[in-house]
Engineer: 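Below you'll find the structure I mean.
As the structure is a computational prediction, the values presented were derived from the model and not from experiment. The basis for the numbers below is simple: all heavy atoms, side chains too, and nothing from hydrogens, waters or symmetry mates.
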Amino acid sequence: MAPKSKTGKNCDLHLRVNTQLKIYIANKASENNKTINDYCTDILKNYKYANQLMNIEAIQKKKVRLLSNLANNLNQLAKLCNSEKEAPQKEMLLAMWNDLKAIR
């Protein structure tokens, strides 16, 4: 470990990841001609990037919630069809299909 006077850093932070993620981060750091430490520090300091990730995560959670709601509706329709031996109208099924395509 380098003395504090040379690096100006006096704390350690350890991050446990799987092998695949470590290789990915090492490759990205190498592509940017940086050490893994400098590469990760730059990412953590870049708040715009962090905010983009949070927005993407929020959008993905919303999509999962919508898909869950659609799946629930489909299950209710299937139960109704099985109990009444009657299929739903074609327009209703097409509307649900269009909703699914829009979520993608």
Side-chain angles (χ1 to χ4, degrees):
M1 184 166 148
K4 178 186 173 203
S5 60
K6 287 188 178 182
T7 63
K9 300 173 185 173
N10 62 356
C11 293
D12 287 336
L13 176 66
H14 299 275
L15 179 66
R16 297 184 64 82
V17 296
N18 62 30
T19 305
Q20 186 179 10
L21 183 56
K22 181 182 178 186
I23 292 169
Y24 176 78
I25 292 170
N27 288 339
K28 286 294 188 179
S30 178
E31 287 173 12
N32 289 291
N33 297 321
K34 295 181 180 183
T35 64
I36 292 175
N37 185 55
D38 290 338
Y39 179 75
C40 290
T41 302
D42 288 347
I43 288 175
L44 291 171
K45 286 182 175 179
N46 187 349
Y47 296 113
K48 180 181 177 186
Y49 178 72
N51 287 337
Q52 288 174 347
L53 285 177
M54 286 189 293
N55 289 338
I56 290 169
E57 185 178 335
I59 290 169
Q60 291 298 338
K61 284 182 179 179
K62 185 177 179 182
K63 285 183 178 182
V64 168
R65 208 168 28 253
L66 288 171
L67 286 171
S68 177
N69 290 344
L70 282 170
N72 207 12
N73 291 343
L74 282 173
N75 284 336
Q76 290 174 359
L77 281 173
K79 185 177 178 181
L80 180 68
C81 290
N82 287 332
S83 66
E84 295 187 8
K85 305 292 184 211
E86 187 177 322
Q89 296 177 355
K90 182 178 178 180
E91 294 80 23
M92 184 187 305
L93 293 173
L94 286 174
M96 291 176 68
W97 176 250
N98 290 333
D99 289 344
L100 278 172
K101 288 195 314 190
I103 291 174
R104 285 187 188 178

Engineer: Taking atom CG of L15 and atom CD1 of I36, what is their separation to the nearest 0.5 Å?
Structural biologist: 10.5 Å

Engineer: Would you give the length of the straight line joining atom CG of N55 to atom CD1 of I59, rounded to the nearest 0.5 angstrom?
Structural biologist: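 Answer for the CG-CD1 pair, N55 versus I59, is 6.0 Å.
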
Engineer: Going by side-chain hydrogen bond (donor to acceptor under 3.5 Å, both in side chains), name the pairs with one or both residues in residues 20-34, residues two or more places apart or in two chains.
Structural biologist: K34-D42

Engineer: In Å, rounded to the nearest 0.5 Å, how long is the span from CD1 of I23 to CG of N18?
Structural biologist: 9.0 Å

Engineer: Sequence neighbours left out, what pairs pass side-chain hydrogen bond (donor to acceptor under 3.5 Å, both in side chains) with at least one residue falling in residues 68-78?
Structural biologist: none

Engineer: When hydrophobic residues are tied together by side-chain contacts of less than 4.5 Å, even through go-betweens, does I25 share a cluster with L13?
Structural biologist: no

